[in-house]
Amino acid sequence: MKVDQYYCVALFDTVSHVMKAEKVLKSAGIPHKLIPVPRSISSDCGVCLRFLPEQKEAVIKALTSTTHVREIREFLP
């Protein structure tokens, strides 16, 4: 039986917030990927950051004081 892998996505209001967040996560060594916002998720910005659920607390900690994250959602591609 195949278990589907789900991810978390961090949504932002602007591309500049996404770019800043990506820089912060890269500096912190937190694995992530810049992706288009999935069609099933609404956002004012067209890109978001995808990461594994195990990294959620680390992502929140890294981004809380550095940039505005609109929302973090779980996502099953």
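Because the structure is predicted, anything quoted here is derived from the model rather than measured. Numbers here simply count residues along the sequence, with the first being 1.
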Quick check on the hydrophobic clustering: are V59 and Y6 connected, directly or via other members, by side-chain heavy-atom contacts under 4.5 Å?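 V59 and Y6: separate clusters.
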Applying side chain to side chain contact (heavy atoms under 4.5 Å, CB included) to E22 and H32, what does each step give before you reach the verdict? CA-CA 8 Å; E22 183 179 35; H32 64 282; 3.3 Å; yes
CZ on R70 to CG on D13, rounded to 0.5 Å: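 D13 atom CG to R70 atom CZ measures 4.5 Å (nearest 0.5 Å).
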Can you tell me how far the NZ atom of K20 sits from the OG1 atom of T67, to the nearest 0.5 Å?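 Answer for the NZ-OG1 pair, K20 versus T67, is 5.5 Å.
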Please report the closest heavy-atom contact between [X] and [Y], naming both atoms and the distance.
X: P53; Y: C8; answer: CA-SG, 3.8 Å
X: C48; Y: A10; answer: CB-O, 3.1 Å
X: P31; Y: G29; answer: CD-O, 3.5 Å
X: F12; Y: H68; answer: CD2-O, 3.3 Å
X: A62; Y: I30; answer: CB-CD1, 4.0 Å

Applying side chain to side chain contact (heavy atoms under 4.5 Å, CB included), can you list everything that pairs with E54, at least two apart in sequence or on another chain?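 L52.
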Go through it in stages, so that I can follow the logic: the residues are F51 and K56, the test is side chain to side chain contact (heavy atoms under 4.5 Å, CB included), and I'd like the CA-CA distance, side-chain angles, deciding distance and then a yes or no. CA-CA 8 Å; F51 54 92; K56 185 175 181 178; 4.1 Å; yes
So which of V37, L49, I72, I41 actually passes side-chain contact (heavy atoms from CB on, under 4.5 Å) with V9?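 Single side-chain contact (heavy atoms from CB on, under 4.5 Å) partner of V9 among V37, L49, I72, I41: I41.
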State which residues pass side-chain hydrogen bond (donor to acceptor under 3.5 Å, both in side chains) with Q55; sequence neighbours excluded, sorted by chain then number.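 Counting only residues at least two positions away or on another chain, Q55 forms no side-chain hydrogen bond (donor to acceptor under 3.5 Å, both in side chains).
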Is the backbone N or O of K23 less than 3.5 Å from a side-chain atom of S27, with the two atoms forming a donor-acceptor pair by type?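 Present.
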